[in-house]
Each structure stands twice: as structure tokens, then as C-alpha cells.
Amino acid sequence: MNDLQRAATRARPALAVLTAELGEPSPDAARALVILGQMLDDIEAGRHPLDRPDDWPLRDHWPGRPHWDRWRWAIKALADACGATAHCSPKYQYMRVDVRQARSDALTVALDDIGCLIELASDRERGAMTVADLIEQLRELPPDLPVMLPCEAGIDHARAVRVADVARHRRDWTWTPVGQYRETPHEDTVGPPIRAAIIDLEPTGTIDGLIGLFAGRATPALTIDDMNEIAAAGWAGELESVRLSGDPLRSLAGVDEIINRGDHKAFTGLLHAIIEQPGGPVADRVRVLYERAQHRAADPEFAAWPQYQAAYWLAVAMGQFRQ
């Protein structure tokens with residue numbers, strides 16, 4: 001049994017709870033229950049939900065992602081019927097679903113189980129490369145090119161191969177998860193650039209924010225009062241806190257979790273780490289995440305954008321002081 005099937009075993013009774021609690025649902029809630037029931041039927045029959053033809057008429061958020069808009073509408077309709085709110089956003093290769101407190105604990109747990117199912121169903125590792133795919137693409141490249149990989153904690157599927165100019169970073173990142181090279185142009189590189197084949201984690205073929213940071217981006221001027229206002233914006237109930245395990249500052253995913261769904265103490269610790277080492281790995285991870293999240297700045301559901309800005313601008317400002 002895979003993760004999606006395990007999630008389906010929890011989502012089926014959750015769907016029953018929602019059906020019973022809602023009684024006579026509104027037309028929207030009834031339609032949402034049917035959509036989720038079809039998803040469960042597909043999984044239980046050994047089919048992936050993404051294989052079902054997507055005839056949803058309102059694919060205005062993510063037209064390139066089959067069923068995402070359908071499932072987004074369904075979870076939001078059910079959350080609304082339960083007195084809750086649901087926030088959906090792209091995260092890496094899947095749709096992230098965050099459900100806020102419903103009018104009862106039973107409904108909250110049920111919505112969380114449905115949200116987990118949608119997250120797992122939203123990406124069937126599409127674009128993941130096989131060995132045959134990798135060999136075919138590498139055959140097209142000059143045989144003497146060095147091969148490089150994005151560096152951070154954890155592992156994931158390779159999704160693309162491309163060629164780029166890279167140069168060594170001025171700092172030595174040996175024995176850390178941070179890569180020694182940055183894609184040029186980059187203000188902190190030394191020595192001449194070299195051409196390299198990059199096996200990438202992103203299907204778009206870009207590595208913006210994964211192994212390097214681009215120079216020359218305009219940074220708005222901030223006052224201390226601006227920084228304090230931005231840093232506090234998300235911690236007045238706008239963001240959902242989670243329990244962080246281990247040392248989240250040691251990985252890109254951990255820092256991302258602090259910015260997205262940490263608490264005031266965790267976010268303050270992140271800012272202190274940036275202040276203490278503005279050229280260190282934590283500040284570098286913040287810059288990577290900011291570059292990765294910039295395209296979502298105008299999304300009204302992206303509640304954590306002020307925290308990305310605050311952490312990034314602090315890293316930039318502190319980096320301008322002489323050591």
C-alpha cells in the first residue's frame with residue numbers, strides 16, 4: 001500500500017463524517033462531496049485520480065495542473081460549509097492544503113484528512129526522470145562537461161537536465177549542505193565561470209533559487225519601523241503555527257516551515273540567526289526561498305509573503321555591513 005492509498009483509507013471515513021455532520025448540504029457542498037467521492041473511488045480501484053479527464057470549467061488558478069482547480073474548489077466549499085477556511089497553494093510539485101479550525105474537532109480532523117489526500121493526489125511525481133530519460137538527455141551534451149546537482153538536505157526526483165555557467169562561491173561550504181558553486185552572474189563568486197550540466201529538481205529547467213542567487217535584483221529601502229511591522233504582520237493570527245521538530249534552521253525545508261507556519265519564537269530565532277551570520281547558511285537559505293516564492297507575491301492566499309520579505313530584506317541589509 002502506497003502513501004496515497006493509506007491517505008484514502010483515512011479520507012473515506014472522513015468523508016462519511018462530513019456527510020453525516022452536514023446533513024442536508026448546500027448544492028456546492030453536495031457537489032464537493034461527489035468530487036471527493038470520485039477521487040476515492042479511483043484510488044480504491046487502483047487508478048490515479050490524475051488519470052481522470054479534467055473537464056472542470058473554472059481552471060483559472062492553475063490551468064497547467066489537471067484537477068487542481070477542481071480539488072481546490074471542493075475543499076474550499078466543504079471548509080465553508082463546516083465554518084472553516086482552507087488555503088491552497090503550490091508547494092514544490094504538489095498543491096498544499098491548509099485548513100483552519102472548523103466548528104467542531106471532528107470536522108477539523110475530517111477536513112485535515114481530506115486535505116492530506118488532495119496534497120498526495122495532486123502530484124504523481126509527474127516529470128520525474130527515469131534512468132533511460134537521463135541517459136537520453138546526457139547523450140546530447142559534450143562528454144567533458146562536469147555534472148552538478150542542486151544542494152540541500154533531503155532527496156527528490158530529478159526532473160530536467162540543462163547547461164549553465166557557474167562559478168565558485170567566495171566562501172568554502174565544505175561539510176555543509178550548501179553547494180560550492182553559484183550560477184552566474186552572482187556577486188559572491190570568484191574565478192572564471194565554467195560550463196556545467198545541471199541535473200535539476202525543477203521541471204521548468206530553471207535553477208533560480210536552487211543552487212544560486214542572481215545579482216542585480218532591486219531591493220526596496222526599509223526603515224526599522226517597516227521591518228518591525230512586516231515581521232509582526234503574520235503573527236497576529238494570520239498564519240497557522242505548527243510544531244517544529246529537531247533544528248529546522250539546518251535545512252531549506254525547515255526554514256521554509258518556520259516562515260510559512262512557525263510561531264513568533266521560531267521566526268524571531270530565524271531573524272537572530274540571520275543577524276549573527278548574514279553570510280552564513282541560514283541567510284543563504286532565506287535568499288533561496290525568497291527567490292523561489294517571488295512569483296506568488298500577488299497571490300492573496302499567500303499569507304506568509306510578508307515573512308519571506310522581512311527575512312530576505314534583513315539578510316540583504318545585514319550582508320551590507322563590513323565584517
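Numbering starts at 1 and runs along the sequence shown.
No salt bridge links Arg285 with Asp256; every basic N to acidic carboxylate O contact stays at or beyond 4.0 Å.
With hydrogens and angles disregarded, a donor-acceptor distance shorter than 3.5 Å links the side chain of Arg287 to the backbone of Ala315. With hydrogens and angles disregarded, a donor-acceptor distance shorter than 3.5 Å links the side chain of Arg103 to the backbone of Ala81. Arg171 places a side-chain N or O within donor-acceptor distance of the main-chain N or O of Gly279, the cut-off being under 3.5 Å.
If you run side-chain contact (heavy atoms from CB on, under 4.5 Å) between Ser122 and each of Met95, His67, Arg72, only Met95 comes through. With Val166 as the fixed residue, the side-chain contact (heavy atoms from CB on, under 4.5 Å) test singles out one of His186, Met148, Arg195: Met148. For the ring pair (Phe, Tyr, Trp, His ring centres under 6.0 Å) test with Trp56, the passing option among Trp73, Trp68, Trp71 is Trp73; the others fail.
Distance check, rounded to the nearest 0.5 Å: CG of Asp98 to CG of Leu111 gives 12.5 Å. Rounded to the nearest 0.5 Å, atoms CZ (Arg170) and CD (Gln180) are 13.0 Å apart. Taking CG of Asp188 as the reference point, atom CZ of Arg182 lies at 8.0 Å (rounded to 0.5 Å). In this structure, CG on Asp165 lies 4.5 Å from OG1 on Thr184, to the nearest 0.5 angstrom. Arg100 contributes atom CZ, which lies 4.0 Å from atom NE2 of His87 (distance to the nearest 0.5 angstrom).
The number of heavy atoms from other shown groups lying within 6.0 Å of CD (Gln101) is above 12.
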- request: Verify salt bridge (Lys or Arg N to Asp or Glu O under 4.0 Å) between Asp41 and Arg12, making sure each step is shown before the conclusion.
  value: CA-CA 9 Å; Asp41 290 343; Arg12 178 62 79 181; 3.0 Å; yes

message: Is there a side chain to side chain contact (heavy atoms under 4.5 Å, CB included) between Leu117 and Ile43? Walk through the geometry before answering.
response: CA-CA 10 Å; Leu117 178 74; Ile43 297 170; 3.6 Å; yes

query: Should Leu141 and Val161 be marked as a side chain to side chain contact (heavy atoms under 4.5 Å, CB included) after you check the CA-CA gap, both sets of side-chain angles, and the distance that decides it?
result: CA-CA 10 Å; Leu141 301 179; Val161 176; 3.9 Å; yes

- prompt: Taking it one step at a time, do Cys82 and Leu22 satisfy side chain to side chain contact (heavy atoms under 4.5 Å, CB included)?
  reply: CA-CA 8 Å; Cys82 296; Leu22 293 178; 4.1 Å; yes

Step-by-step side chain to side chain contact (heavy atoms under 4.5 Å, CB included) determination, Leu120 to Arg6: CA-CA 10 Å; Leu120 289 170; Arg6 278 189 285 271; over 6 Å; no

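For the pair Gln277 and Ala283, the tightest heavy-atom approach, listed with the atom from each and the gap, is O-CB, 3.9 Å.
With ring centers used as reference points, Trp313 lies 6.0 Å or more from Tyr308.
The aromatic rings of Tyr290 and Tyr312 sit parallel to each other, their planes meeting at less than 30°, with 60° as the upper class boundary.
With Trp62 as the aromatic partner, Arg65 does not meet the cation-pi criteria of under 6.0 angstrom to the ring centre and within 45 degrees of the ring axis.
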